[in-house]
J.: 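Handing you a structure now.
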Amino acid sequence: MSDANSSTSARRASRTALVEAGTMERLLLDLETGQRGFVITKHETFLQPWQQARSQLPAAARRFTESATSPDQRRTAERTARGVDSFLKDYSGPLVDMVRRGDPAASSLKTTTEGKERVDTLRAQFAQYMADERAQLAAHTDAAGTNSRQAVLAAAIGLATSTALVAVFTILQHRAVVRPVRRCRTGADRAAVRRGDEPAPRPARGTVLGLRHDTQATCRQQRRGDAAEPMGVVDDDDVDGHAFSMPNPLTTGP
């Protein structure tokens, strides 16, 4: 269970890291798009996404680095966050100022190429970071699947074991209680038949406890019958149904 919880937490952390990385990359592209539109048109309205990205960048960079799921990923996130910050402070911000001053160098090939190279480098870092994070997420997902299968197997084994124990208990109960009781009742019924009595009524099927209590009396009756028969004890019915004559010792010859 702890392994399953650990895998779930790891997958959640990886997804959070991917979301924060995607947010940082989006802000980078907003900076790049806003500045390029401003360089081309010289209209401040094209700087709106640039200004929003600049205000959101510090908090996003902090979440990005804090969401890293391993020391290596954290180092990559910190390096990438520093690169985005450098792009804003060392290139994009000065470029906007150059356009506002009317500096023709703002639209030069050298300036444009520098900006493209910076953005391409940072996007490659984001791509590598997210590829590594997705690989970790896949590993955690596989581990979670393995843990789930193991949990199902363990539950199946536990159920089979419980069923087997119940079966063993039932067999032992039958041998220890039901079989001796049946033997005792059979003997009691035979003794009753020999005496000419009716066998005792049988309890309802399945009532083992009632069978035990009822048969205790029957077994005692059987033991009394078995002990009485060798001694020649006869029942009252036999006495009532036969006439016995006692010999007279005065008239009987030797």
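We number each residue from 1, following the sequence as shown.
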J.: Given 3.5 Å as the limit, does a donor-acceptor pair link the side chain of T111 with the main chain of S107, or not?
T.: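 No, because the side chain of T111 does not come within donor-acceptor range (under 3.5 Å) of the backbone of S107.
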
J.: Does a side-chain heavy-atom distance below 4.5 Å link T112 with K116?
T.: no

J.: Taking a hydrophobic cluster as the set of Ile, Leu, Val, Met, Phe, Trp and Tyr residues connected by side-chain heavy atoms closer than 4.5 Å, whether directly or through intermediates, do L28 and F46 fall within one such cluster?
T.: no

J.: What are the two closest non-hydrogen atoms of W50 and S92, and how far apart are they?
T.: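 W50 and S92 have their closest heavy atoms at NE1-OG, 2.6 Å.
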
J.: Assess whether a salt bridge exists between R101 and D97, defined as any Lys/Arg side-chain N lying under 4.0 Å from an Asp/Glu carboxylate O.
T.: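 D97 and R101: not salt-bridged.
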
J.: Is the backbone of D30 close enough, under 3.5 Å, to the side chain of T33 for a donor and an acceptor to pair up by distance?
T.: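 Flag not set: sc T33 to bb D30 has no pair under 3.5 Å.
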
J.: Once rounded to the nearest 0.5 Å, what's the spacing between atom CG of L57 and atom CZ of R54?
T.: 10.5 Å

J.: With no hydrogens and no angle check, just 3.5 Å: does a side-chain donor-acceptor pair link Q136 and T69?
T.: yes

J.: Is any side-chain heavy atom of L122 closer than 4.5 Å to one of E25?
T.: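 Not in contact.
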
J.: Checking the side chain of S86 only, and the main-chain atoms of G83 only, is there a donor and an acceptor separated by less than 3.5 Å?
T.: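 Here the side-chain-to-backbone pair does not exist.
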
J.: Side-chain contact test, heavy atoms from C-beta onward, threshold under 4.5 Å: evaluate it for P71 versus R74 and give yes or no.
T.: no

J.: Just so I know, are the side chains of R26 and Q56 near enough to count as touching, which here means a heavy-atom distance under 4.5 Å?
T.: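 Touching, per the 4.5 Å side-chain cut-off.
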
J.: Would you kindly say whether D132 and Q128 are connected by a side-chain donor-acceptor distance under 3.5 Å?
T.: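 Present: a donor and an acceptor within the cut-off.
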
J.: Out of R36, H43, K42, which one pairs with I40 under the side-chain contact (heavy atoms from CB on, under 4.5 Å) rule?
T.: R36

J.: Hydrophobic cluster membership, with links at side-chain heavy-atom distances under 4.5 Å among I/L/V/M/F/W/Y: are M98 and L88 in one?
T.: no

J.: How long is the straight-line distance from CZ of R118 back to OH of Y91, given to the nearest 0.5 Å?
T.: 8.5 Å

J.: Which atom pair, heavy atoms only, marks the closest approach of M24 to A81?
T.: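 Closest heavy-atom pair between M24 and A81: CE-CA, 4.2 Å.
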
J.: Compare every heavy atom of M130 with every heavy atom of L18, then report the nearest pair and how far apart it is.
T.: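 Scanning both residues, the minimum pair turns out to be CD2-O, 3.7 Å.
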
J.: Hey, could you give me the CZ/OG1 distance between R79 and T65, rounded to the nearest 0.5 Å?
T.: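 Here the interatomic distance stands at 13.5 Å.
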
J.: Heavy atoms only: give me the nearest S67-A17 pair and the separation to one decimal.
T.: O-CB, 3.4 Å

J.: Let me confirm one number: the CZ-CZ distance from R15 to R134, rounded to the nearest 0.5 Å.
T.: 12.5 Å

J.: Whether R100 and E44 form a salt bridge (side-chain N of Lys/Arg under 4.0 Å from carboxylate O of Asp/Glu) is what I want to check.
T.: yes

J.: Return the set of residues passing ring-ring contact (aromatic ring centres under 6.0 Å, His included) with F64 (not counting sequence neighbours), or none when no residue passes.
T.: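 F64: ring-ring contact (aromatic ring centres under 6.0 Å, His included) contacts with F126, Y129.
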
J.: Any idea which heavy atoms bring L27 and A60 closest together, and the distance?
T.: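 For L27 and A60, the tightest heavy-atom pair comes out as CD1-CB, 3.5 Å.
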
J.: Say you draw a straight line from CD of Q73 to OG of S70; how long is it, rounded to the nearest 0.5 Å?
T.: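 Here the rounded value is 4.5 Å.
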
J.: Please give me the minimum heavy-atom distance between F38 and V96, naming the atom from each residue.
T.: CE2-O, 3.7 Å

J.: Donor-acceptor pair, S14 side chain versus R11 backbone, under 3.5 Å?
T.: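 Flag not set: sc S14 to bb R11 has no pair under 3.5 Å.
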
J.: Does the T23 side chain pair with the main chain of V19, one donor and one acceptor, at a distance under 3.5 Å?
T.: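 A pair under 3.5 Å: yes.
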
J.: From D103 CG over to L95 CG, what is the distance, rounded to the nearest 0.5 angstrom?
T.: 9.5 Å

J.: Should the pair E114-K110 be classified as a salt bridge under the 4.0 Å nitrogen-to-oxygen rule?
T.: no

